[in-house]
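Dumping the structure here so I can ask a few things about it.
In what follows, chains carry the letters A, B, and so on, assigned in the order in which the sequence lines appear, proteins first and then strands, with residues in each chain numbered from 1.
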Number of protein chains: 2
Amino acid sequence: MKAERAQYAKAEYELAAFTKAIAHPARIAILNILAKHNTCICGQIVDGLPLAQATVSQHLKALKNAGLIKGSVSGPKSCYCINWDAFEAFKLGFNQLFSQLNTARAANCC
Amino acid sequence: MKAERAQYAKAEYELAAFTKAIAHPARIAILNILAKHNTCICGQIVDGLPLAQATVSQHLKALKNAGLIKGSVSGPKSCYCINWDAFEAFKLGFNQLFSQLNTARAANCC
DNA sequence: TTCTTTTATCGTAAATCTACGATTAATATT
DNA sequence: AATATTAATCGTAGATTTACGATAAAAGAA
């Protein structure tokens, strides 16, 4: 792999990180579960997924690292919920990047 | 790896596929270039990226496979442009999945 | 204290991704 | 026809991701 010798724009890195975090059906399913509850839920996530507990924990970690969910662990229980602010930030970044959408579209396109 | 024994919702697969396609700064940079031109551009993409031609071609292929860009190859030249319809579809799916955003947010959250 | 429950972490195997140089393919150009 | 240009494809090395079982940790219940 190339030694990351050149760069992209900051916004590009950020959007890539965000989309990478949700680029897996299991993680989207987790977000769905959290969104439906719209409150902190403790456990119950593993039950709704076709994955081993360790794997779900791993996915949760990924989502948390990306800032998409918030979680408070207290002893044997963990509570997770969606970090809506992060999603709003993403929405903004996404729209900024592709603001042309819904306005002008190329007519002379393939 | 588990033998994919269980599934997620169709919408979850689709959104995951979409986000996976743009989960890389190089591919977002490509989309940016295309969005700025807002018309078919032939080549010029490699020049704007810190990657080898083969790698860029690979990324273009990924974007095309995901349906995010359209491309017409004619001999030694290739023309690419953004498939805006796909982006609108994504926007829809994304908002569907997280429609709670901007409406009710959990007060009793972590 | 000992057991149970819940979840994170460790170690690891297999799959996928990312990058590259080299080559091939398809046209233009000379 | 021979050469040059442009971009796709091939083969491949190394990194990352994804999944799992096993284990550890943390706290409540017995």
query = Donor-acceptor pair, R27(A) side chain versus L63(A) backbone, under 3.5 Å?
reply = no

ask   = Parallel under 30°, tilted from 30 to 60°, perpendicular over 60°: which one fits the rings of Y13(B) and Y8(B)?
value = perpendicular

note = Taking every heavy atom of I69(A) against every heavy atom of L60(A), the minimum-distance pair comes out as CD1-O, 3.6 Å

remark   = When rounded to whole Å, the CG to C1' distance for the pair L60(B) and dC17(C) reads 16 Å

message = In whole Å, I'd like the distance from the CG atom of N65(A) to the C1' atom of dT17(D).
response =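 For the pair N65(A) CG and dT17(D) C1', the rounded distance is 14 Å.
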
request  = Choose from dT7(C), dA19(C), dC10(D) the nucleotide whose nearest atom is closest to any side-chain atom of A54(B).
outcome  = dC10(D)

inquiry  = Just the rounded figure in Å: distance from C1' of dA8(D) to CD of Q53(B).
reply    =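 It is 7 Å, rounded to the nearest whole Å.
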
query = Do K64(A) side-chain atoms and G71(A) backbone N/O form a donor-acceptor pair below 3.5 Å?
reply = yes

key: Gap between atoms CG and C1', on L49(B) and dA7(D) respectively (whole Å)   =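 So the CG-C1' distance, L49(B) to dA7(D), works out to 14 Å.
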
inquiry  = Whole angstroms only, please: what is the OH-C1' distance between Y8(B) and dA19(D)?
reply    =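 So the two atoms are 10 Å apart, to the nearest Å.
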
query = Can you check the K61(B) NZ to dA19(C) C1' distance for me, whole Å?
reply = 15 Å

query = Just how far, in rounded Å, is C1' of dC17(C) from NE2 of H24(A)?
reply = 14 Å

inquiry  = Does a side-chain N or O of Y80(A) approach OP1 or OP2 of dA8(C) to a distance below 4.0 Å, or not?
reply    = yes

task = Taking only the side-chain nitrogens and oxygens of S57(A), find out if one of them lies under 4.0 Å from OP1 or OP2 of dT9(C).
result =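 No, no such contact exists.
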
ask   = Is the shortest side-chain N/O distance from K20(B) to OP1 or OP2 of dC17(C) below 4.0 Å?
value =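 Yes.
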
query = Rounding to a whole Å, what distance do you find between L63(A):CG and dT17(D):P?
reply =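 Spelled out: CG on L63(A) to P on dT17(D) is 13 Å.
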
request  = With the side chain of R27(A) defined as its heavy atoms from C-beta on, choose the nearest nucleotide among dT18(D), dT7(C), dA22(C).
outcome  = dT18(D)

ask   = When you check the phosphate oxygens OP1 and OP2 of dA19(C), does a side-chain N or O of T55(B) lie under 4.0 Å from one of them?
value = no

ask   = Ring centres of F87(B) and F18(B) under 6.0 Å apart?
value =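 Yes; F18(B) has its ring centre under 6.0 Å from that of F87(B).
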
inquiry  = Does dA28(C) have OP1 or OP2 under 4.0 Å away from a side-chain N or O of K77(B)?
reply    = no

query = Between the base of dA19(C) and the side chain of Q58(B), is there a donor-acceptor distance below 3.5 Å?
reply = yes

query = OP1 or OP2 of dC17(C) less than 4.0 angstrom from a side-chain nitrogen or oxygen of H59(B), does that happen here?
reply =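 So the side-chain polar atoms of H59(B) never come under 4.0 Å of the phosphate oxygens OP1 or OP2 of dC17(C).
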
